Amino acid sequence: RAVFGVMALFGATILAVVFFRLDESRSPATAAKAAGEHPLSGYLDLLRQKRLVGYTLVGAFNGATLFGYLSIAPDLFIDIWGYTSGQFAGIFAGIAVGVIGASQINRALLRYHSPDDVLAVATVVAAIFGLALVVLALAGAGPWWIIAGLFAVLTSNGFIGANALAGALNVDPLRAGSTSGLFGAANFALGGLSSAIGAALHDGTARPLALIMLVALAGAVFAFYRLARPADQPSA
């Protein structure tokens with residue numbers, strides 16, 4: 001219950017800040033675009049744009065790794081491996097710190113490189129980490145090896161998620177709101193599917209989680225290089 005109380009407090013705080021301090025950032029052209037078309041037709045038009053679909057899938061596939069982790073990790077860590085809830089919370093927090101740290105490194109990288117440059121490398125590196133995690137899981141590696149692999153895989157969210165969203169928003173700037181909604185919906189849809197598959201395949205080992213993550217990260221690589229990447233951008 002305390003979690004929901006804290007979330008409600010944060011929500012109320014954000015609402016107050018937006019209402020009293022955030023000026024309207026929508027341009028007249030964007031407002032005219034929104035007023036001149038039906039929302040459904042706008043979404044259908046967005047889905048016809050290959051690059052936008054690509055960026056959306058990159059973000060959704062990468063996000064699916066986190067949802068898969070959330071669905072399997074508590075039972076795996078606490079019930080199977082015997083960690084206490086407090087220890088699991090510490091591990092969870094450590095991975096979260098990794099994601100935040102990666103986001104800050106990404107911010108520094110964007111001073112010298114474009115989001116596409118970062119995605120070109122980050123998606124491939126994340127998939128390599130995913131493959132390493134599968135190898136560790138299949139080999140029956142100990143919990144701390146698996147945790148290290150999960151840390152490496154999940155920190156990729158700090159490099160991929162924001163850049164994929166930035167790429168999607170830049171494809172059709174006049175439909176930024178619809179693009180953001182589509183991006184979020186795809187993220188939760190693939191995340192829900194990842195969670196369901198993870199729960200169905202969970203066998204008391206890290207193997208199902210590792211395989212789900214590898215498939216998702218491979219999907220992100222495919223979506224970027226085959227759909228999202230600009231035609232004039234060289235391969236990584």
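Owing to the predicted nature of the structure, the values given are computational and were not obtained by experimental measurement.
Taken to the nearest 0.5 Å, the OG1 atom of T205 stands 8.5 Å off from the CD1 atom of I72. One distance of note links CG of N157 with CG of L154; it measures 6.5 Å at 0.5 Å rounding. For the atom pair L182 CG and Q49 CD, the distance stands at 10.5 Å (nearest 0.5 Å). In this structure, F183 CZ and L57 CG are separated by 9.5 Å, a value rounded to the nearest 0.5 Å. The line from CG of L217 to CG of L131 is 10.5 Å long, rounded to the nearest 0.5 Å. Rounding to the nearest 0.5 Å places CG of N187 at 9.5 Å from CG of L165.
Side-chain atoms of S114 and D117 form a donor-acceptor pair, as typed in the model, at a separation below 3.5 Å.
No chain of hydrophobic side-chain contacts below 4.5 Å, direct or via other Ile, Leu, Val, Met, Phe, Trp or Tyr residues, connects F129 to F222. Neither F61 nor L211 shares a network with the other; the hydrophobic side chains, linked directly or stepwise wherever heavy atoms of I, L, V, M, F, W or Y lie under 4.5 Å apart, form separate groups for each.
Contact of the M213 side chain with the L150 side chain is registered, since non-hydrogen atoms from C-beta on lie closer than 4.5 Å. With contacts defined as side-chain heavy-atom distances shorter than 4.5 Å, the pair L110/V118 qualifies. The shortest side-chain heavy-atom distance between L138 and R207 falls under the 4.5 Å cut-off. Contact check for S156 versus V125: no side-chain heavy atoms found under the 4.5 Å cut-off. A 4.5 Å side-chain heavy-atom check between Y55 and L119 finds at least one atom pair inside the cut-off. Within the 4.5 Å cutoff, side-chain heavy atoms of L133 are placed close to those of I146. Between I95 and Y69, the closest side-chain pair of non-hydrogen atoms falls below 4.5 Å.
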Could you please spell out the steps behind the ring-ring contact (aromatic ring centres under 6.0 Å, His included) verdict for F88 and F77? CA-CA 7 Å; F88 174 69; F77 281 55; 5.5 Å; yes

One pair to check against side-chain contact (heavy atoms from CB on, under 4.5 Å): L46 and T56. What are the steps and the verdict? CA-CA 11 Å; L46 289 175; T56 299; over 6 Å; no

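Each of D45, L52, L169 was compared with R175 under the side-chain contact (heavy atoms from CB on, under 4.5 Å) criterion, and only D45 meets it.
A donor-acceptor pair under 3.5 Å links the side-chain atoms of Q87 to the main chain of T84, judged by distance alone. A donor-acceptor distance shorter than 3.5 angstrom exists from the side chain of T155 to the backbone of F151, with no hydrogens or angles considered. Between the side chain of N170 and the main chain of A166, a donor-acceptor pair closer than 3.5 Å is present.
No more than 12 heavy atoms of other residues, nucleotides or ligands sit less than 6.0 Å from atom CZ of F92. Within a 6.0 Å sphere centred on CH2 of W81, heavy atoms belonging to other residues, nucleotides or ligands number more than 12.
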